[in-house]
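Naming convention: chains lettered A, B, ... in sequence-line order (proteins, then strands); numbering from 1 in each chain.
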Protein chains: 2
Amino acid sequence: MPNNQFKKGELYSFITGKASTAIARRLQKNFKQANVDITIEQWSVLYHLWKQDGLSQQQLCEATFRDKPSITRLVDNLEKLQLVKRVASKNDRRINMIYLTKEAQELQEQTMELANQTLNEALEGVTNGQIEIAKEVLQQVYDNLAQGNNNSSSSPL
Amino acid sequence: MPNNQFKKGELYSFITGKASTAIARRLQKNFKQANVDITIEQWSVLYHLWKQDGLSQQQLCEATFRDKPSITRLVDNLEKLQLVKRVASKNDRRINMIYLTKEAQELQEQTMELANQTLNEALEGVTNGQIEIAKEVLQQVYDNLAQGNNNSSSSPL
DNA sequence: GGCATATAGTTGTTTAAGCAACTATATAAA
DNA sequence: TTTATATAGTTGCTTAAACAACTATATGCC
């Protein structure tokens with residue numbers, strides 16, 4: 001038990017996530033200024049498809065730490081915007097493979113640039129060493145809590 | 001410019017806020033198990049009223065980093081649950097002062113205990129030194145981005 | 001083959017975020 | 001006092017999160 005004596009009230013920001021909210025808002029604002037008309041949540045799905053196109057909705061759930069209904073509706077909205085298309089898997093007809101459209105592929109460079117710019121604004125005055133430690137802490141928190149957290153109504157445990 | 005050469009892609013979690021999402025989900029789960037039937041967002045409003053009762057909605061906006069419509073609706077829902085009441089200010093009739101009810105006062109001890117327990121689960125294996133640095137980073141990020149971010153449609157800058 | 005169970009995805013409902021537009025009150029300027 | 005402006009809060013609308021309940025397909029076992 002290395003740390004059950006920290007000042008608990010001060011850690012409130014870990015729960016409210018003010019910093020990540022602020023980053024998300026700023027990124028949304030930067031998208032808007034650049035006339036990129038997608039939400040941060042939609043962008044986060046595209047982000048994983050840019051890394052690897054043709055993921056199933058289930059894989060997108062795991063990648064984006066969202067549950068299945070959330071991904072269903074994000075994919076619904078991305079389809080309406082003609083940024084992705086669902087393709088039923090030949091091998092397993094339960095599975096929808098999600099593919100980027102040409103329009104979505106063209107968004108990658110611009111929006112990644114905006115994301116990097118946003119992170120630079122956010123991390124102004126923070127050293128690389130501090131960033132490394134913050135990342136480790138956030139990863140540890142995530143690992144500590146990420147058991148059976150995804151996928152509403154599926155995992156029985 | 002101390003840090004424009006970090007590995008940008010890896011910082012994705014700063015935007016998505018996986019860790020704070022995970023903490024919020026776990027706290028909600030812990031509330032549910034203890035039969036505490038409020039949302040984390042409602043709790044975050046009560047949290048500030050426990051520190052100081054009788055805040056205006058505007059003060060709650062600033063304290064919780066939410067915009068005015070969000071606080072209007074959270075207070076609406078807290079009023080429906082009979083946890084707070086709106087009292088018009090005598091000096092300035094534009095202002096609603098928000099006061100805790102007896103029921104809400106009785107929730108403080110139990111839910112703060114659940115919040116501390118949740119933070120202990122989340123921070124298992126993280127040292128106090130690491131926590132301090134992570135807090136500094138998150139605070140700096142917040143400070144870097146928190147200009148005119150609150151209060152939709154009011155602040156012109 | 002037939003049945004139980006697991007997996008992939010969808011739909012319904014409630015709560016909340018974010019933004020624009022709005023009302024009402026207060027303050028400052030003329 | 002009238003007018004302009006700022007502040008406090010509300011309402012409408014769209015998007016999304018969380019959870020439960022559901023459908024459809026696949027897999028394993030008999």
Side-chain angles (χ1 to χ4, degrees), chain A residues 16-17 20-22 24-29 31-32 37-45 55-62 64-81 86 88-98 148-157, chain B residues 16-17 20-22 24-29 31-32 37-45 55-62 64-81 86 88-98 148-157:
Chain A
T16 54
S20 60
T21 304
R25 283 186 194 169
R26 176 61 58 91
L27 180 58
Q28 187 73 71
K29 190 174 156 189
F31 277 3
K32 195 169 191 179
D37 267 340
I38 58 175
T39 67
I40 301 312
E41 293 81 7
Q42 291 165 358
W43 176 82
S44 77
V45 172
L55 294 173
S56 71
Q57 292 188 200
Q58 184 59 45
Q59 288 172 314
L60 285 172
C61 289
E62 286 148 23
T64 65
F65 192 54
R66 290 185 169 85
D67 70 357
K68 292 190 291 174
S70 296
I71 289 297
T72 292
R73 278 145 181 158
L74 283 172
V75 172
D76 285 349
N77 285 335
L78 285 167
E79 253 190 339
K80 277 184 211 156
L81 294 169
R86 285 178 165 99
S89 166
K90 290 173 192 175
N91 307 329
D92 187 336
R93 287 166 55 201
R94 293 172 303 182
I95 295 177
N96 291 336
M97 301 300 283
I98 311 300
N149 251 345
N150 251 2
N151 300 350
S152 92
S153 86
S154 54
S155 50
L157 168 51
Chain B
T16 55
S20 60
T21 304
R25 284 185 193 169
R26 176 61 57 92
L27 180 57
Q28 186 73 71
K29 191 174 156 189
F31 277 4
K32 195 168 190 180
D37 266 341
I38 57 175
T39 67
I40 300 313
E41 293 81 7
Q42 291 165 358
W43 176 81
S44 76
V45 172
L55 294 173
S56 70
Q57 292 188 199
Q58 183 58 46
Q59 289 172 315
L60 285 172
C61 289
E62 285 148 23
T64 65
F65 192 53
R66 290 185 169 85
D67 69 358
K68 292 190 292 174
S70 295
I71 289 298
T72 292
R73 278 145 181 158
L74 283 173
V75 172
D76 285 347
N77 285 335
L78 286 167
E79 253 191 339
K80 277 183 211 157
L81 294 170
R86 285 179 166 98
S89 165
K90 290 174 193 175
N91 307 328
D92 187 334
R93 287 166 57 201
R94 293 171 302 182
I95 295 177
N96 290 337
M97 302 299 282
I98 311 300
N149 251 345
N150 251 2
N151 299 350
S152 93
S153 85
S154 55
S155 50
L157 168 52

Grab the NZ-P distance between A:Lys29 and C:dC19 for me, whole Å please.
9 Å

According to a strict under-4.0 Å criterion, is B:Gln28 in side-chain N/O contact with OP1 or OP2 of D:dA17?
no

Decide yes or no for B:Asn77 and B:Lys80: does some side-chain heavy atom of the first lie under 4.5 Å from some side-chain heavy atom of the second?
yes

Where do N or O atoms of nucleotides 26-28 of chain D meet protein N or O atoms at under 3.5 Å, pair by pair?
from, atom 1, to, atom 2, distance (Å)
D:dA26, OP1, A:Arg93, N, 2.8
D:dA26, O4', A:Arg94, NE, 3.4

Of all the choices, D:dA17, C:dG18, D:dA8, which nucleotide is nearest to the side chain of A:Arg66 once you look at every atom?
D:dA17

The criterion is side-chain hydrogen bond (donor to acceptor under 3.5 Å, both in side chains); which residues satisfy it with A:Thr21, sequence neighbours excluded?
none

Separation of C:dT10 atom P from A:Asp76 atom CG, nearest Å, is 7 Å

Could you go through nucleotides 12-15 of chain C and list every protein N or O atom that sits under 3.5 Å from one of its N or O atoms, giving the distance for each pair?
from, atom 1, to, atom 2, distance (Å)
C:dG12, N7, A:Arg73, NH2, 2.5
C:dG12, O6, A:Arg73, NH1, 2.7
C:dG12, O6, A:Arg73, NH2, 3.2

Is there side-chain contact between A:Arg66 and A:Cys61, with heavy atoms separated by less than 4.5 Å?
no

Among D:dT10, D:dC19, C:dG18, which nucleotide has an atom closest to any side-chain atom of A:Arg25?
C:dG18

Is B:Gln59 near enough to D:dA8 that one of its side-chain N or O atoms lies under 4.0 angstrom from OP1 or OP2?
no

So which nucleotide from D:dG9, C:dT10, C:dA8 ends up closest to the side chain of A:Gln58?
C:dA8

Specify the residue among A:Ile71 and A:Thr21 whose closest nucleotide of DNA chain C lies further upstream toward the 5′ end.
A:Ile71

Mind calculating the distance between CD1 (A:Ile95) and C1' (C:dT10) to the nearest angstrom?
16 Å

Value in whole Å for how far the C1' atom of D:dT7 lies from CD of B:Glu62:
11 Å

Take the protein atom CG of B:Leu55 and the nucleotide atom C1' of D:dA8, then report the distance between them rounded to whole Å.
15 Å

In short, A:Met97 meets A:Ile95 closest at the heavy-atom pair SD-CG2, 3.7 Å

Partner set under side-chain hydrogen bond (donor to acceptor under 3.5 Å, both in side chains) for A:Arg94, not counting sequence neighbours
A:Asp92

Presence of B:Ser70 side-chain N/O under 4.0 Å of C:dA16 phosphate oxygens OP1/OP2
no

Which nucleotide wins on minimum distance to the side chain of A:Thr72, given the candidates D:dA18, D:dA8, C:dT11?
C:dT11

Starting from the 5' end of DNA chain C, give me the residue, B:Ile40 or A:Lys32, whose nearest nucleotide shows up first.
B:Ile40

When the rotation axes relating C1' atoms of four end pairs to the next four are compared across the helix from C:dG1-D:dC30 to C:dA30-D:dT1, five pairs an end, they differ to 10° by 10°

Of all heavy-atom pairs linking B:Thr64 and B:Leu60, the shortest is OG1-O, 2.7 Å

Between C1' of C:dG9 and CD1 of A:Ile98, the distance in whole Å
10 Å

Atom-pair distance (CG on B:Asn96; C1' on D:dT10), nearest Å
10 Å

Taking all non-hydrogen atoms of both residues into account, name the closest pair between B:Ser20 and A:Ser20 and its distance.
OG-OG, 3.5 Å

Contacts of B:Ser70 that satisfy side-chain hydrogen bond (donor to acceptor under 3.5 Å, both in side chains) - sequence neighbours left out:
B:Asp67

Taken to the nearest 0.5 Å, the spacing of B:Leu78 CG from B:Ile71 CD1 works out to 9.0 Å

List for me each residue that meets side chain to side chain contact (heavy atoms under 4.5 Å, CB included) alongside A:Arg86, sequence neighbours excluded, and say none if there are none.
A:Gln57, A:Thr72, A:Val75, A:Asp76, A:Glu79, A:Asn96, A:Ile98

Measure the distance from CG on A:Asp67 to P on D:dA21 and round it to the nearest whole Å.
15 Å

Who are the side chain to side chain contact (heavy atoms under 4.5 Å, CB included) partners of B:Gln28, not counting sequence neighbours?
B:Phe31, B:Thr39, B:Ile40

